[in-house]
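Just so it is clear: chains get the letters A, B, ... in the order the sequence lines come, proteins before strands, and each one is counted from 1.
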Amino acid sequence: MSHVLLAIDTATSAVTAAVHDGTRVLASESVPDARRHAETLTPTIDSVMAHAGLSPRDLDAVAVGVGPGPFTGLRVGIVTATTLGLALGIPVHAVCSLDAIAHEIASRGEHGEFLVATDARRKEVYWARYTVRAGGVARLGDPAVSTPAALDPAVRALPTAGRGPLLYPADFGVVVPVTDVDAGALAGLVVHRLEHGGELLPPTPLYLRQPDAQPSAAQKSVLS
Amino acid sequence: MATDGPLVLGIESSCDETGVSFVRGTTLLADAVASSVQEHARFGGVVPEVASRAHLEAMIPTIERACADAGSRLSDVDAVAVTSGPGLAGALMVGVAAAKAVAWALGKPLYGVNHLCAHVCADVLDHGPLPEPTVALLVSGGHTNLLLVRDIADDVQSLGATVDDAAGEAFDKVARLLGLPYPGGPSIDQAAAQGDPRAIAFPRGLTARKDLERHRFDFSFSGLKTAVVRWVQERERAGEPIPVADVAASFNEAVADVLTRKAIDACREHGIHDLQIGGGVTANSRLRELAEQRCADAGISLRVPRVRLCTDNGAMVAALGAQIVARGHAPSSFALPADSSMPVELVQAR
Ligand SMILES: [Zn+2]
């Protein structure tokens, strides 16, 4: 049974897309470009589909990482996924982007607990703690955002993946060399959860922060 | 109903309206708009992050609503047009990404179009093909532009623009000062109806002789705004009541006067007998009235689309897309950017 899945993610510094047939990754591509998601994503999708020798009509589902990640780029991936789903009449499966990084680490045979900490800008990281168990990797608690220094020292001392330890080397322990989401790993995670159960989210962003806006001061203050 | 020409889907997300429309030729088949204006009200102006979040939430439901209104399926679409700029970068990206996804999924051509040119083109949906050349005046919360349009798909030139605030921004700020609700355009217009437009002589920006040399067709509203603030402050200090209706009417008059005066001047300068006005501020009754009167006096024919087509919407984007498709222009690439400062001369982005 072939179930063709297009996976995309724009929550980290890579614009990444992959095609998975339910068994293996057919094609995958990552463009390290944190500022031009809107330009780069569709050409990247087009490229992986061409490499896989498939056309949009061959897709059975779309998978997308819903962050947490810098908002502007994150929205590009999510709206692309939902619009593809609508135009092609296929389902959109969403997962936490940090889980995709954790899944990649677990599939490399790592053991025990580790941390994923990605760039949240403004001197903060998006982070979550994981443990590898029989049958897969499990997240310990909800993803969060904070400065590296605000994390419990015992948590920061864990082996850490993501750009966090590269940006703030003094604050983290051993670096696990997986820096950004890879759509191939994200596809594998979604296929695994579709088969074995596990958290599939609605395709809406995990913002973790309120919009950056101050209500205007009292009306009279314009005069002062 | 028009059966000729390709069915064009238009997507707009440059500011605080998510617009999705279907146009065939110059016929509007569906016009769905979701606005986040109320979410910005408590901030007194458009907050980019709030607008971007709202676009993402609204995009799929708005596309679905446009399909239902048009009685069409997305797969019926022959071409996809989208605003690629100018506008708020994060907001633009939502529409651009959605448009690319539709075009790529369905194997249809994609056209990234200029938001300002699309405003001008909206009028073809109400009044048919544009008289060309025409002078176009665009006034909204985001823009104040005077354009020379020789060919809406190929040749649009900027004659002038605001050097500081957009006209609509000035309305918002003065409304806030007077304790009138956001958005300021409608509330000032309403308050002005009971006031005397000649009560206070507020300044007309960039109309002095020395300014006209360098800024003949440019606009400035920050001096006017400051003059209104000072005038109100002085009354407050003196413990006098503020004649809100007179201030609103006099401010309204100053804005409408300078906009129409420069627009008519531009027509005369270039020997053009057609003026078209677009953008949200065209809802302002004094601007319409003064434009009608001055155009009639100058022998210029005036075109103003209905208010619904003057504010941001997908219809104007689809309308311009249809014109570009009709000329047989090559589509934009899937690497099309969201260009927050897209120059008006660039009608279509590659
Ligand atoms: Zn506009």
**Student:** Apply salt bridge (charged side-chain N to carboxylate O under 4.0 Å, His left out) to R235(B) and list each qualifying residue two or more places apart in sequence or on a separate chain.
**Tutor:** E240(B)

**Student:** Tell me, for R57(A) versus chain B, whether the close heavy atoms (under 4.5 Å) come from the side chain, the backbone, both or neither.
**Tutor:** side chain

**Student:** Please name all residues satisfying ring pair (Phe, Tyr, Trp, His ring centres under 6.0 Å) with Y126(A), sequence neighbours left out, ordered by chain then number.
**Tutor:**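 Y126(A) satisfies ring pair (Phe, Tyr, Trp, His ring centres under 6.0 Å) with no other residue.
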
**Student:** Name the region of L84(A), side chain, backbone, both or neither, that has any atom closer than 4.5 Å to a heavy atom of chain B.
**Tutor:** both

**Student:** How many angstroms lie between CG in D9(A) and NE2 in H37(A), if you round to the nearest 0.5 Å?
**Tutor:** 8.5 Å

**Student:** Picking from A335(B), G90(B), A338(B), which has the most non-hydrogen pairs under 4.5 angstrom with chain A?
**Tutor:** A335(B)

**Student:** Find the one option among G107(B), A105(B), S333(B) whose heavy-atom pairs under 4.5 Å with chain A are most numerous.
**Tutor:**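 With the most close heavy-atom pairs to chain A, the winner is A105(B).
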
**Student:** Check the pair Y182(B), F43(B) against ring pair (Phe, Tyr, Trp, His ring centres under 6.0 Å), reporting the backbone distance first and the verdict last.
**Tutor:** CA-CA 9 Å; Y182(B) 174 86; F43(B) 303 111; 9.6 Å; no

**Student:** S14(B) and H115(B): side-chain donor and acceptor closer than 3.5 Å?
**Tutor:**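 The criterion, which ignores hydrogens and geometry beyond distance, is satisfied for H115(B) and S14(B).
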
**Student:** Any side-chain heavy-atom pair from V46(B) and C15(B) closer than 4.5 angstrom?
**Tutor:**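 V46(B) reaches C15(B) side chain to side chain.
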
**Student:** Quick one: does D172(B)'s side chain have a donor or acceptor within less than 3.5 Å of a partner on G184(B)'s backbone?
**Tutor:** yes

**Student:** Using heavy atoms and a sub-4.5 Å threshold, report which of residues 86-104 of chain A line up against chain B, by residue number.
**Tutor:** L86(A), A87(A), L88(A)

**Student:** I need the T44(A) OG1 to F334(B) CZ distance, nearest 0.5 Å.
**Tutor:** 12.5 Å

**Student:** Measure L336(B) against the heavy atoms of chain A and call it side chain, backbone, both or neither at under 4.5 Å.
**Tutor:** backbone

**Student:** Give the member of E64(B), R53(B), K100(B) that has the highest number of heavy-atom pairs under 4.5 Å with chain A.
**Tutor:**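 Most pairs with chain A among the choices: R53(B).
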
**Student:** Of all residues at least two apart in sequence or in a different chain, which pass the side-chain contact (heavy atoms from CB on, under 4.5 Å) check with Q348(B)?
**Tutor:**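 For Q348(B) the side-chain contact (heavy atoms from CB on, under 4.5 Å) partners, ignoring immediate neighbours, are Y111(B), I324(B), H329(B), S332(B), R350(B).
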
